[in-house]
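Here the structure comes first, spelled out in structure tokens, and everything after it is commentary.
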Amino acid sequence: MSSKKVIKVGSRKSQLALIQTNLIIDKLKEINPDLKFEIVSMTTVGDRILDSALSKIGEKSLFTKELEESLKDGTVDFVVHSLKDLQTVLPEGMVIGCVNKRDDPHDAVVMHKKHDGKTLETLPEGSVVGTSSLRRIAQIRRKFPHLAIKDIRGNLNTRFHKLDDNDMYDAIVLAVAGLDRMNWSHRISQKLMPDVCMYAVSQGAIAVECRAEDSHMLEILQTLHDRDTAVRCVAERAFLRRLEGGCTVPVSTFTEIMDDKLVIRGGVYSVDGKEVVEDRSEVLLPKKQDEDSSSHVYCSIVGGRNGPMFLAAETVGIELADKLIKQGAATILTVAKRKAKEAIEEERVRKSARTENNKTAVSS
């Protein structure tokens with residue numbers, strides 16, 4: 001139990017982020033009704049820069065840096081993240097105190113009303129699909145070459161406005177979990193299953209990050225920790241970390257636990273979707289729980305008594321990444337990263353030129 005009267009919680013300012021933060025707070029209140037919480041909301045780099053694709057911004061920790069800095073300086077006691085936004089290596093002194101039970105991790109297609117009843121496959125030639133994810137772009141281009149892809153940024157409200165009111169897109173692709181949390185499940189036209197589009201590492205999972213030495217907070221947070229979700233996400237994050245991936249490279253995954261077996265599938269793609277390496281690995285999860293009550297950290301997730309299980313998950317994630325590397329993923333990733341650097345530089349030049357033009361227009 002925390003000795004603090006009010007626990008300060010860091011969150012992004014977006015509606016979805018605040019919904020997720022309040023979800024965690026409400027769960028903690030159910031277990032600890034005497035605790036009081038205060039949300040400290042802030043804007044991140046990824047929230048501020050909306051005129052560039054995520055892959056062209058050239059920054060890491062786009063949606064987490066400011067939150068982690070406030071955690072480090074003690075402004076907040078913990079922060080709530082979409083786990084897919086967190087770097088696979090956390091800042092020194094930080095850990096993931098818990099991972100809440102995962103919601104649906106798949107992607108969904110939201111159609112413009114004029115295409116009601118259609119799927120990506122049945123959309124007319126040249127239809128424009130909006131997404132800001134290179135992972136989605138690569139897989140959609142691979143499966144549906146008749147479609148045109150156009151970048152789309154902004155929060156969910158903004159993206160729906162661009163779809164419904166501006167007639168800029170025939171469809172957009174979003175995470176099912178986000179739509180569910182915003183109570184917009186009725187807008188889902190098609191759910192993309194793994195044979196069409198595998199999801200992002202840790203998509204659908206909410207994580208709570210705190211300071212590693214804050215034992216009181218860790219004790220509170222562990223009450224929300226979902227073992228199966230954490231085990232799956234450990235494998236996925238280890239897979240991504242081994243590939244040295246991020247938002248600049250198209251990497252996807254799919255995991256499931258069947259009885260005592262963890263199965264992980266993964267893919268690496270060229271942005272045009274023409275080159276692909278996919279494979280799977282599996283591991284039997286240890287049945288015997290670790291009797292040592294001290295915390296173990298694998299992939300920056302506190303495991304406690306589940307240490308050996310997390311270690312097995314991390315190992316199988318790395319094993320899958322090594323399989324893909326041997327099959328040619330390294331070459332695909334090298335090319336993707338080079339193109340990403342070129343795109344970042346082009347974007348920098350474009351913005352610099354626009355700034356100079358604006359200054360010239362004002363001065364004249």
Side-chain angles (χ1 to χ4, degrees), residues 60 64 81-90 94-96 98-102 105-107 133-135 138-139 194 197-207 209 225-269 276-287 290 295-330 332-334 336-337:
K60 293 183 177 181
T64 62
H81 302 284
S82 289
L83 184 50
K84 68 182 180 64
D85 292 335
L86 268 181
Q87 293 289 306
T88 53
V89 178
L90 300 185
M94 304 299 164
V95 292
I96 296 174
C98 73
V99 182
N100 192 48
K101 184 175 176 60
R102 190 177 207 168
H106 297 93
D107 290 320
S133 161
L134 290 182
R135 170 189 60 83
Q139 293 182 89
C197 186
M198 285 190 282
Y199 44 75
V201 165
S202 301
Q203 185 161 297
I206 298 175
E209 186 179 13
H225 198 55
D226 184 77
R227 189 207 67 178
D228 284 0
T229 297
V231 166
R232 291 172 62 192
C233 289
V234 163
E236 294 171 19
R237 284 167 63 80
F239 169 68
L240 184 65
R241 189 181 70 244
R242 186 70 157 195
L243 292 173
E244 298 181 351
C247 66
T248 61
V249 292
V251 175
S252 68
T253 189
F254 170 77
T255 55
E256 55 185 340
I257 295 177
M258 299 180 293
D259 298 322
D260 292 321
K261 182 188 296 182
L262 170 63
V263 179
I264 177 170
R265 290 170 52 192
V268 174
Y269 313 86
V276 56
V277 179
E278 294 178 335
D279 212 324
R280 70 191 294 278
S281 288
E282 61 183 55
V283 65
L284 284 173
L285 296 172
K287 293 182 179 180
D290 188 359
S295 292
H296 300 271
V297 181
Y298 295 115
C299 268
S300 301
I301 293 181
V302 175
R305 292 180 179 271
N306 294 327
M309 193 168 290
F310 281 13
L311 180 57
E314 184 172 37
T315 300
V316 78
I318 292 171
E319 175 188 295
L320 176 59
D322 288 340
K323 277 186 180 181
L324 298 190
I325 290 170
K326 289 179 181 178
Q327 295 173 33
I332 297 175
L333 290 171
T334 297
K337 289 175 182 178

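These numbers come from a predicted model, not from an experiment. The chain is numbered in sequence order, starting from 1.
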(message) For a side-chain contact (heavy atoms from CB on, under 4.5 Å) check, start with the C-alpha distance between Glu244 and Leu333, then their side-chain angles and the critical distance, and finish with the verdict.
(response) CA-CA 9 Å; Glu244 298 181 351; Leu333 290 171; over 6 Å; no
Minimal non-hydrogen separation, [X] against [Y], with atom names:
X	Y	value
Val316	Ala235	CG1-CB, 4.2 Å
Arg135	Tyr199	NH1-CA, 3.4 Å
Pro308	Pro286	O-CG, 3.7 Å
Pro250	Leu134	CB-O, 3.7 Å
Tyr269	Ser252	OH-OG, 3.0 Å
Cys197	Gln139	CA-OE1, 3.3 Å

(message) Assess the residue pair Val283 and Thr315 against the criterion (side-chain contact (heavy atoms from CB on, under 4.5 Å)); give the C-alpha distance rounded to whole Å, side-chain angles, the decisive distance to 0.1 Å, and a yes or no.
(response) CA-CA 9 Å; Val283 65; Thr315 300; over 6 Å; no
(request) Please step through side-chain contact (heavy atoms from CB on, under 4.5 Å) for the pair Lys261 and Leu285, ending with a clear verdict. (result) CA-CA 6 Å; Lys261 182 188 296 182; Leu285 296 172; over 6 Å; no
(request) For the residue pair Leu86 and Met94, establish whether any side-chain heavy-atom pair is separated by less than 4.5 Å. (result) no
(request) Using a 4.5 Å cut-off on heavy atoms from C-beta on, say whether the side chain of Met198 contacts that of Thr253. (result) no
Please check: side-chain N/O of [X] versus main-chain N/O of [Y], any donor-acceptor pairing under 3.5 Å?
X	Y	value
Thr229	Arg102	yes
Ser82	Lys84	no
Arg237	Gln87	yes

Nearest 0.5 Å, what's the [atom1]-[atom2] distance between [X] and [Y]?
X	Y	atom1	atom2	result
Asp228	Thr255	CG	OG1	10.0 Å
Asp107	Gln203	CG	CD	5.0 Å
Ile257	Glu282	CD1	CD	13.0 Å
Glu236	Ile264	CD	CD1	6.0 Å
Lys323	Arg280	NZ	CZ	7.5 Å

(message) Regarding Asp279 and Lys326, does a basic nitrogen lie under 4.0 Å from an acidic carboxylate oxygen?
(response) no
(message) Assess whether a salt bridge exists between Arg242 and Asp322, defined as any Lys/Arg side-chain N lying under 4.0 Å from an Asp/Glu carboxylate O.
(response) yes
(message) For Lys101, is the NZ atom crowded, meaning more than 12 foreign heavy atoms sit under 6.0 Å from it?
(response) no
(request) From the options Leu243, Leu324, Val277, select the one residue that forms a side-chain contact (heavy atoms from CB on, under 4.5 Å) with Ile332. (result) Val277
(message) Please verify the inter-ring angle class for His106 with Phe254; under 30° counts as parallel, over 60° as perpendicular, anything in between as tilted.
(response) tilted
(request) Evaluate side-chain contact (heavy atoms from CB on, under 4.5 Å) for Ile318 paired with Glu314, printing each intermediate quantity in order. (result) CA-CA 6 Å; Ile318 292 171; Glu314 184 172 37; 4.1 Å; yes
(message) Any donor-acceptor pair under 3.5 Å linking the side-chain atoms of Arg241 with those of Thr88?
(response) no
